[in-house]
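Chain identifiers are assigned alphabetically (A, B, ...) following the order of the sequence lines, protein sequences preceding nucleic acid strands; residue numbering begins at 1 within each chain.
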Protein chains: 2
Amino acid sequence: MAPTVKGPDARRERWKGHREARRAEFVEATIKAVARLGPDVGMDDIAAEAGVSKPVLYRHFADKSDLYLAVGQRATEMLMDRLGPAIAEDGPIRERIKRIVDAYLTVIEENPNLYRFVVRGSFVDRPVEKDVVSEDKELIATSLARLLGDYLRSYEMDSGGAEPWAHALVGMVQNAGDWWLERQSMSRESLSDYLATIIWHAIDGLLRSAGVHADPERPLAPLRLVER
Amino acid sequence: MAPTVKGPDARRERWKGHREARRAEFVEATIKAVARLGPDVGMDDIAAEAGVSKPVLYRHFADKSDLYLAVGQRATEMLMDRLGPAIAEDGPIRERIKRIVDAYLTVIEENPNLYRFVVRGSFVDRPVEKDVVSEDKELIATSLARLLGDYLRSYEMDSGGAEPWAHALVGMVQNAGDWWLERQSMSRESLSDYLATIIWHAIDGLLRSAGVHADPERPLAPLRLVER
DNA sequence: AGTAACCGTTACCTCAAGTAACACTTACGC
DNA sequence: GCGTAAGTGTTACTTGAGGTAACGGTTACT
């Protein structure tokens, strides 16, 4: 008897997994709704898409921002799924940078509405306290920062600048992608190339100024990005 | 009689300047309100700050986005006022870039709420049609693109990449500044320096790859930025 | 004097986010 | 098996901010 002292009632634990699954289900519904109805869907539309009514939604998400945040995280996950392979591939550094950037652009090109929903679709309600949108950029930037930090340290350089670097790079690619997505005035290929050029030169210059002559062919050590 | 055939009535023209002034007045009030009440003020608050009631506001601005846009433009103007001198100063290029970046960071540091209002304070209502927020970034980026284009052409290089470059740079500085503004984990000085380093290396690398050896001391020709 | 522009108000409408209240289902605990 | 704790779901409401209607007063051109 009393196999676990802690749980006062097993009934409380029974649903743990279920709730998770339900949240995920609603997140998927939201993504579908966004794809169909554009980035400014309402909670009613989302609920309808999921085949339920609004209060059900609110039993799983505290408010709109909470849902938005979950969608953002899911989107980040989807993005990472595409970025991961691009990062893992080997080849000349310059080429790899380009492939990573290109993977990013491909993703936003394929899901423009979802993209807009996540980065633009702010949320008037929540003032400043919990900055939902940038939470995702933050995540990516943090991973990148770790990556850059390791990279710099592998050259025995000061890694203090890794964080600003990461945010700078994220902002750079994001903003350029944003601009490109709205008026597609050049091919994805070209943009990837331009951006990769900038990034590569920045990195190369940094190393160069530290007296390190980076080998563009160098495999760059094991690159792992996030592990959520 | 009938001194001017075109104007059916002089009474229509009489207010031209006045309306402009009034709009400006409301824009100023909005900026004050934002500074006091944070970036998510309502129209009522703004009207109150201006000492009038809401409908008056709506006689001068079609809707919230219209006001936001005007505020954004004003903010951009203020920013340019600070960036202008930094751009005009001479000195080594690397130094100048740093001063420009630093000027930007100083501005957002001095008006954090206004900054948040402009870049974050999206607007749920207006879906995609008129992208109010990025209109300002657009403006800056466009100026920068012209500047870069001229610069590249002065070295007789292909200027096709000027536009993506401009958007990339804008996004870079903006995002890094954003991150810095929220958790000020390093001095402005340091961040300016990191960013300037990235930018300078990117430019230098670009020129270098085209076989041009840029002189960091070169005065860089007359730099004019916008003229609105 | 008439009227075209402005000044300004209070009281309303609208619409989406979020909540209350109510009813049914499942399965653990004793 | 009965109580109950979790979940399922509904319709109908409240709230708040954006935005509008309708009204009245002032100035100055014609």
Side-chain angles (χ1 to χ4, degrees), chain A residues 1-5 7-26 29-30 33-34 37-69 117 121-127 132, chain B residues 1-5 7-23 25-26 29-30 33 37-69 117 121-127 132:
Chain A
M1 60 321 288
T4 47
V5 165
D9 194 335
R11 274 172 288 190
R12 203 196 297 160
E13 301 298 299
R14 196 165 53 104
W15 298 95
K16 275 281 173 61
H18 185 33
R19 285 192 63 88
E20 286 291 309
R22 211 75 215 287
R23 266 180 79 101
E25 174 190 327
F26 288 134
T30 305
V34 165
L37 277 45
D40 46 343
V41 282
M43 294 300 265
D44 283 300
D45 303 294
I46 295 172
E49 177 76 38
V52 299
S53 64
K54 233 183 343 174
V56 178
L57 219 50
Y58 279 98
R59 281 216 265 274
H60 295 270
F61 299 92
D63 56 10
K64 209 182 178 182
S65 322
D66 193 19
L67 211 200
Y68 276 39
L69 180 58
F117 179 83
S122 302
F123 37 87
V124 218
D125 3 358
R126 290 292 152 263
V132 182
Chain B
M1 64 308 303
T4 47
V5 165
D9 193 334
R11 277 171 286 190
R12 203 196 296 162
E13 301 296 301
R14 196 165 51 108
W15 298 96
K16 276 279 172 66
H18 185 33
R19 285 192 63 88
E20 286 289 311
R22 211 76 215 288
R23 266 180 78 100
E25 175 191 328
F26 288 134
T30 305
L37 276 47
D40 47 343
V41 281
M43 294 300 264
D44 284 300
D45 303 294
I46 295 173
E49 177 75 39
V52 299
S53 63
K54 236 185 340 177
V56 178
L57 218 50
Y58 280 97
R59 280 217 264 273
H60 295 271
F61 299 92
D63 56 10
K64 206 182 180 183
S65 322
D66 193 21
L67 212 200
Y68 276 39
L69 181 58
F117 179 83
S122 303
F123 37 88
V124 218
D125 3 357
R126 290 292 153 263
V132 182

Q: Under 4.0 Å from any atom of DNA chain D, heavy atoms only: list the residues of residues 48-56 of chain A that qualify, in numerical order.
A: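 Those residues are A:V52, A:S53, A:P55, A:V56.
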Spacing of [X] atom [atom1] relative to [N] atom [atom2], expressed in whole Å:
| X | N | atom1 | atom2 | answer |
| --- | --- | --- | --- | --- |
| B:D63 | D:dT20 | CG | P | 8 Å |
| A:I46 | C:dG18 | CD1 | P | 11 Å |
| A:D44 | D:dA12 | CG | P | 14 Å |
| B:R23 | C:dC6 | CZ | C1' | 16 Å |
| A:D45 | C:dC15 | CG | P | 14 Å |
| B:L57 | C:dC6 | CG | P | 15 Å |
| A:R19 | D:dT8 | CZ | P | 7 Å |
| B:Y58 | C:dT9 | OH | P | 15 Å |

**Q.** Given D:dG18, C:dG18, D:dT8, the nucleotide with the shortest approach to the side chain of A:K64
**A.** C:dG18
Q | Selection from D:dG18, C:dA17, D:dT8 that lies nearest to any side-chain heavy atom of B:M43 | A |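 Between D:dG18, C:dA17, D:dT8, the one nearest the side chain of B:M43 would be D:dG18.
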Q. D:dT8 phosphate, OP1 or OP2: any side-chain N/O from A:R22 under 4.0 angstrom?
A.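 It does, given that an N or O in the side chain of A:R22 lies less than 4.0 Å from OP1 or OP2 of D:dT8.
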Q: Quick one: closest heavy-atom pair of A:Y58 and A:D63, and the distance?
A: CE2-CA, 4.0 Å
Q: Measure across B:A50 and B:A29 and return the closest heavy-atom pair with its distance rounded to 0.1 Å.
A: CB-CB, 3.7 Å
**Q.** Derivation of the side-chain contact (heavy atoms from CB on, under 4.5 Å) call for B:D44 and B:K54
**A.** CA-CA 6 Å; B:D44 284 300; B:K54 236 185 340 177; 3.2 Å; yes
Q: Please tell me if the side chains of A:M43 and A:L57 come closer than 4.5 Å, counting only heavy atoms from C-beta onward.
A: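 Counting from C-beta outward, A:M43 and A:L57 do come under 4.5 Å.
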Q. Does B:R22 reach the side chain of B:V52, with side-chain heavy atoms less than 4.5 Å apart?
A. yes
**Q.** Point-to-point distance, once rounded to the nearest 0.5 Å, from OG1 of B:T30 to CD1 of B:I46
**A.** 4.0 Å
**Q.** Which residues share a side chain to side chain contact (heavy atoms under 4.5 Å, CB included) with B:F61, sequence neighbours left out
**A.**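 Testing B:F61 for side chain to side chain contact (heavy atoms under 4.5 Å, CB included), a comparison that skips the adjacent residues, returns B:R23, B:F26, B:V27, B:D66, B:L67, B:A70.
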